[in-house]
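Along the sequence shown, residues are numbered consecutively beginning with 1. FYI, side chains are in, hydrogens and waters are out, and symmetry mates aren't considered; it's all heavy atoms of this structure.
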Amino acid sequence: MGLKANVSENRTYTKGVIALLLSALLTATSQVFYASHVQNMHPFIFTGISFFLTACYFSFFARNQKVEYKWKSTWKSLLKLNLSSVLAFMGFYFALKFIEPAIVSSLEMGLGPLFVIFLALTQRQFIVKAQWGIALGTLLACFLLIISIFNGNSAVQMNQNTNTILGVIASVFCGLGAVLCTSYSKQLSSAGWTSSMILTHRFYGIVLLSFIFTYDILFDFFFDNVLWILLVTIAGVLIPMYLLQKGIQYCETFLVMMSLCFVPVFTFFFQLFDPRLSWSTTTLIGVILLFLLGVFSIYVEKNKLTIIDSFKSEFSRAKSDLKSKKGY
């Protein structure tokens with residue numbers, strides 16, 4: 001019986017990792033494509049249209065699943081998820097207008113592990129030493145990338161101004177938002193919400209704020225660019241979001257955040273096809289460091305789960321022995 005449970009758990013873990021990697025691949029492709037189109041338009045015009053269509057799509061599946069919403073016990077987590085989604089996605093799309101795509105995704109994903117540890121500390125969770133080392137390593141890699149932006153060694157050659165600083169700040173907030181999104185999504189998933197239910201209701205804040213910023217140009221823009229908007233929405237938002245939600249459901253928060261460090265690597269190589277961007281060795285070094293740390297984190301996470309399971313088994317055995325000695 002225990003062997004079957006372990007096999008089932010391993011398969012679930014594998015499904016989660018595969019879902020995360022596929023999500024990273026599709027996300028990277030869409031980032032480069034979007035960044036090449038966003039230069040001459042408002043950074044939030046795509047977010048409103050795209051996430052509205054994504055929410056409508058998943059609402060169809062959520063209705064068919066006929067799972068009861070537990071609004072009373074979960075509304076706070078849903079509200080926090082909406083606010084975190086605003087930080088993660090609107091910050092990300094804003095940063096893409098001013099900074100190289102590979103660096104934007106690197107700062108978002110690279111700072112994630114540090115935010116995960118701070119969140120875990122507030123919740124008094126167990127943290128292994130290797131996680132501190134990984135978080136420190138990703139932080140140093142992020143500093144390297146930030147320095148490359150301001151000394152002119154990134155792939156985007158541009159004058160440094162307030163927008164560049166705002167782009168870096170937005171990227172940092174992305175990382176925080178991504179960690180919080182993972183945490184609150186996991187809370188809803190544990191409360192019985194399906195992936196479709198979560199993806200139906202997590203974008204209210206994004207859609208509302210995007211509409212407020214772009215209501216005067218929104219509809220004209222949509223009808224003039226409907227084909228590429230639908231393409232990027234389906235391949236770059238809708239499918240990756242569903243795969244990411246599955247990864248969140250099956251994997252631990254730290255693993256989710258570190259596995260997303262694959263995104264900058266994919267993004268770097270895809271952006272080589274963008275004529276606006278030049279080769280940047282500094283960026284390549286930064287994303288490779290994040291990639292290696294991401295791979296190492298998977299190994300650390302598996303060991304951590306083994307240690308925790310072993311500790312639980314020993315505790316249960318000791319508790320059982322104590323009861324038998326007392327004659328319970």
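Considering CZ of Phe44 and OH of Tyr93, their distance stands at 12.0 Å, rounded to 0.5 Å. Within the model, atoms CG of Leu145 and CD1 of Ile99 stand 10.5 Å from one another, a figure rounded to the nearest 0.5 Å. With rounding to the nearest 0.5 angstrom, the CZ atom of Phe222 is 11.0 Å from the CG atom of Asp224. With values rounded to the nearest 0.5 angstrom, Thr267 atom OG1 is found 11.0 Å from Leu272 atom CG. Taking CG of Leu166 as the reference point, atom CZ of Phe94 lies at 5.0 Å (rounded to 0.5 Å). Taking CG of Leu25 as the reference point, atom CD1 of Ile239 lies at 11.5 Å (rounded to 0.5 Å).
You'll find the side chain of Gln187 stays beyond 4.5 Å of the side chain of Lys80, heavy atoms only. Ser185 has its side chain within reach of Leu81: a pair of non-hydrogen atoms, C-beta onward, lies under 4.5 Å apart. The shortest distance between side-chain heavy atoms of Phe268 and Ile288 does not fall below 4.5 Å. Using a 4.5 Å cut-off on side-chain heavy atoms (C-beta onward), Ile103 and Leu107 make contact. Contact of the Leu238 side chain with the Leu199 side chain is not registered, since no non-hydrogen atoms from C-beta on lie closer than 4.5 Å. Using a 4.5 Å heavy-atom threshold, the side chains of Met90 and Ile206 count as touching. Residues Ile217 and Ile45 form a side-chain contact, since some pair of their non-hydrogen atoms from C-beta on lies under 4.5 Å apart.
Here the closest non-hydrogen pair linking Pro264 and Val287 is CB-CG1, 3.7 Å. For Leu293 against Gly137, the heavy-atom pair with the smallest separation is CD1-C, 3.5 Å. The minimum heavy-atom distance between Leu87 and Gly177, with the atom names listed, is CB-CA, 3.9 Å. Here the closest non-hydrogen pair linking Ser30 and Gly236 is CB-CA, 3.3 Å. Contact between Ala135 and Ile117 at its shortest, heavy atoms only, is CB-CD1, 3.6 Å. Taking all atoms of both residues into account, the shortest heavy-atom contact from Tyr215 to Ile212 is CD2-O, 3.3 Å.
By the 6.0 Å contact criterion, CZ on Phe52 is open, its count of non-hydrogen atoms from other residues, nucleotides or ligands being 12 or less. Dense packing is recorded around CZ of Phe266, with more than 12 heavy atoms of other residues, nucleotides or ligands lying under 6.0 Å away.
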query = Please walk me through it: do Val86 and Leu209 pass side-chain contact (heavy atoms from CB on, under 4.5 Å)?
reply = CA-CA 9 Å; Val86 168; Leu209 287 176; 3.7 Å; yes
Show your working on side-chain contact (heavy atoms from CB on, under 4.5 Å) between Phe46 and Val237 and close with a plain yes or no.
-> CA-CA 11 Å; Phe46 174 76; Val237 178; 4.3 Å; yes
Fill in: side-chain contact (heavy atoms from CB on, under 4.5 Å) between Phe173 and Phe92, intermediate numbers included
CA-CA 8 Å; Phe173 277 113; Phe92 180 81; over 6 Å; no
Worksheet item: After noting the C-alpha distance and the side-chain angles of Phe89 and Arg202, does the key distance pass the side-chain contact (heavy atoms from CB on, under 4.5 Å) rule?
Response: CA-CA 11 Å; Phe89 291 104; Arg202 69 173 289 184; 3.6 Å; yes
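Thr27 places a side-chain N or O within 3.5 Å of a backbone atom of Ser23 that can act as its donor or acceptor partner. Remark: side-chain polar atoms of Thr74 are not paired, donor with acceptor, to backbone N or O of Ser77 under 3.5 angstrom. Counting only distance, with no hydrogens or angles, the side chain of Ser50 and the backbone of Thr233 share no donor-acceptor pair below 3.5 Å. Judged purely by atom type and a 3.5 angstrom limit, Thr200 uses its side chain to pair as donor or acceptor with the backbone of Ser59. A side-chain donor-acceptor contact under 3.5 Å links Ser105 to the backbone of Pro101.
Hydrophobic clustering, with ILVMFWY side chains joined whenever heavy atoms are under 4.5 angstrom apart, keeps Leu231 apart from Ile229. Residues Phe60 and Tyr204 do not share a hydrophobic cluster, clusters being chains of Ile/Leu/Val/Met/Phe/Trp/Tyr side chains in contact below 4.5 Å. Both Leu96 and Ile169 sit in one connected hydrophobic cluster of ILVMFWY residues. Membership requires side-chain heavy atoms under 4.5 Å apart, directly or through other members. Under a hydrophobic clustering in which Ile, Leu, Val, Met, Phe, Trp and Tyr are joined whenever their side-chain heavy atoms come within less than 4.5 Å, directly or via other members, Leu292 and Leu140 fall into different clusters. Linking ILVMFWY residues whenever their side-chain heavy atoms come closer than 4.5 Å, directly or via other members, leaves Val179 and Leu136 in distinct clusters.
His201 pairs with exactly one of Phe58, Trp71, Phe51 by the ring pair (Phe, Tyr, Trp, His ring centres under 6.0 Å) rule, that one being Trp71.
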